Structures are given as structure tokens and as C-alpha cells.
Amino acid sequence: MRDYKTLLEQVDKNNIPKHVSVIMDGNGRWAKKRLQNRLYGHKHGARAVRETIEVCHELGIEYLTLYAFSTENWRRQDSEVSGLLKLILNTLLKEIDELIENNVRVKFIGSKENLDKNYLDKIEKACAKSLANTGLNVNVAFNYGGRREILDAVKSLADKVQKHELKAEDISEEIIAEHLYTANIPDPELMIRTSGEQRLSNYLLWQSAYTEFCFTDVLWPDFSKEDFVTAILNYQKRNRRYGAE
Ligand code: FPP
């Protein structure tokens, strides 16, 4: 039943979500269980990222958005923050060539505030190499906060109104969406959160208005391809009505 191939056979290829977002939670608890420090958990979390990208590629999912570092994560201990920033950059640099070979396009979405220019340049340069790819879009939500994203959009819209480039009465939901970090990315149909927590934690607030949520007790470093396909099967059983009867 939990065999990967058997699970894949159960997937309805005509009802694959276009966009899946993931809150990768539980790295710290996974490490604690093994009497290791939190970074040890994050390092193993990077393995689960690789498997998740592979399964999305195999299923033909178009967009995968991973919550890698939130604006709230700066409150963690300095050693964890710096270790996490290093891990995210190093993982990107290590994997980017293979991702490109697999036609994956990588994009970082989030605020640039508090980040070193040299660090950001390295990220931008690596992502730029994948820009022409046409397969799976992997968005890394990095220094990301949903409220912050909406605030940035509001400021940018207010600025355009002030400069008479836009009329206040012309602001629509579509125009707001175009000013978010996720401009041109469709809203996620499915959000997966690991580790048993059941909340949104400031993730894709605007974009998740009609998203189906799938919560699993599995801690992120243990999250497997089988777990991902199980979430897809769970999603396919849902009846999405968008507020209609
Ligand atoms: C949450 O677990 C996890 C994070 C804040 C970091 C996730 C980042 C990675 C797995 C690295 C990914 C790398 C790339 C390039 C995308 P937690 O620390 O909150 O766990 P806890 O709730 O058990 O303490």
C-alpha cells in the first residue's frame, strides 16, 4: 500500500495540482530525538527537499513553493540563523547544475531586508542560470513573511497612486496579486505542513485563500516521496467548491 510505485498508480493524472506549497517543519525535533543540534536536523531536511523536488518533477507538478526561512526565523539563536543561511546557499550552489539539467527553474521569493548584498548576489546569480528552463518551478520562500509581502505590495501600490501611475479605484485583486512576490505564479491548490502543527505561520496568506491543507505528523527530515504522493491522493479525494454550493 505504501510502496511508491503502487501509490503512483493510484494518482489521477488529470487532477494533479499545478502548485503545491510546503511548510517544512520539525527539523529541530527530529534532531533533538537523536541528541543532535538543530542544524543537524536542517541538514537532513535538505535531503527531503531533494526528494520532494524529484517527486514533483515525476508527477508533472508545475510549481513547488518551499518555506525555507521566515521573517520570524531571525529570532532564533545566532548560530542557528547563520548555519541555516549557509545551508540554504550551499544547498542551492551544490544542486543548481543538476536542477538545470532537469529543466527546473529556481526562484527565491521574499524580502531582501537584513541580507548581505554579497550573499544575495550569489543566490541571484545561481537562480539566473536556471531562468530559461521550462519545467518545474521551484520557489524558495526565503526571508519571507506573508504580512510583510502584503505590506510591500500596499506600499508599492500607494507609491504608484501618488505618482498618478494608477488610480485608487482601479486597484483590483488581480493588481494586488501582480504586486506580490508571487506575481505570475498561480495560487497553490495544496499546502502540505509536516510535524503535526496545524497553522499557516504567515505563509502565502493572500495566495492560500482557497488552498486545500494537508497536515502530516511526519517530521520534515523523514518526509519521503511516499508521503508526498499520499498527500496528493488525499487532495484528490477533496471536493473543491470555491465558496459555491
Ligand atoms: C522548520 O523546522 C524548518 C526550517 C525553519 C528550515 C527549513 C530549511 C531547510 C530544510 C533547508 C532547505 C534548503 C533549500 C535550499 C530550500 P524547525 O526548525 O522549526 O523544527 P522544530 O519545529 O522541530 O523546532
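For clarity, every value in this text was computed on a predicted model and none was experimentally measured. Order of appearance sets the numbers: ligands from 1, and atoms from 1 within every ligand. No hydrogens, no waters, no symmetry mates; every other heavy atom, side chains included, goes into these values.
With hydrogens and angles disregarded, no donor-acceptor distance shorter than 3.5 Å links the side chain of E197 to the backbone of D25.
Polar contact with ligand 1: present for G26 (N/O pair, distance under 3.5 Å). The shortest N/O to N/O separation between N27 and ligand 1 falls below 3.5 Å. Backbone and side-chain nitrogen or oxygen atoms of W30 are examined, and none is located within less than 3.5 angstrom of a nitrogen or oxygen of ligand 1.
Looking at Y4 and E58, their side chains do bring a donor and an acceptor atom within 3.5 Å of each other. Residues S224 and D227 bring a donor and an acceptor atom of their side chains to less than 3.5 Å of each other. Residues T71 and R147 have side chains that never bring a donor and an acceptor to within less than 3.5 angstrom of each other. Counted by atom type alone, T134 and R105 present zero donor-acceptor pairs between their side chains at under 3.5 Å. Residues E149 and Q207 bring a donor and an acceptor atom of their side chains to less than 3.5 Å of each other. Using modelled atom types and a 3.5 Å distance limit, the side chains of N202 and E72 yield a donor-acceptor pair.
Residue-level proximity to ligand 1 for R76 is carried by the side chain, the only part with a heavy atom below 4.0 angstrom. Of all the heavy atoms of R38, the ones lying under 4.0 Å from any atom of ligand 1 belong exclusively to the side chain.
Within the structure, ligand 1 lacks K32 among the residues with a heavy atom less than 4.0 angstrom away. At least one heavy atom of A68 sits less than 4.0 Å from an atom of ligand 1.
Numbered from 1 in the order shown, with element, the atoms of ligand 1 that lie under 4.0 Å from a heavy atom of R29 read 21 (P), 22 (O), 23 (O). Interface of G28 with ligand 1, defined as ligand atoms under 4.0 Å from a residue heavy atom, comprises 17 (P), 18 (O), 20 (O), 21 (P), 23 (O), 24 (O). Within ligand 1, counting atoms from 1 as listed, the ones closer than 4.0 Å to a heavy atom of N73 are 5 (C).
For the pairing with F213, the side chain to side chain contact (heavy atoms under 4.5 Å, CB included) check across L190, I23, L200, I192 returns one residue only, L200.
Among all non-hydrogen protein atoms, the one lying nearest atom 1 (C) of ligand 1 is M24 O, 3.0 Å. The shortest contact between atom 15 (C) of ligand 1 and any protein heavy atom is with I88 O, 3.7 Å. Remark: minimum distance from atom 12 (C) of ligand 1 to any protein heavy atom is reached at V49 CG2, 3.9 Å. For atom 4 (C) of ligand 1, the closest heavy atom belonging to the protein is H42 CE1, 3.9 Å. The nearest protein atom to atom 11 (C) of ligand 1, hydrogens excluded, is given as L87 CD2, 4.1 Å; this is a heavy-atom distance.
Note that NZ of K125 and CD1 of I123 are 13.5 Å apart. Values are rounded to the nearest 0.5 Å.
In this structure, of N90, D25, V140, N139, the residue bringing a heavy atom nearest to atom 16 (C) of ligand 1 is V140.
Note that R76 lies outside the cation-pi zone of W74, set by a 6.0 Å cut-off to the ring centre and a 45° limit from the axis.
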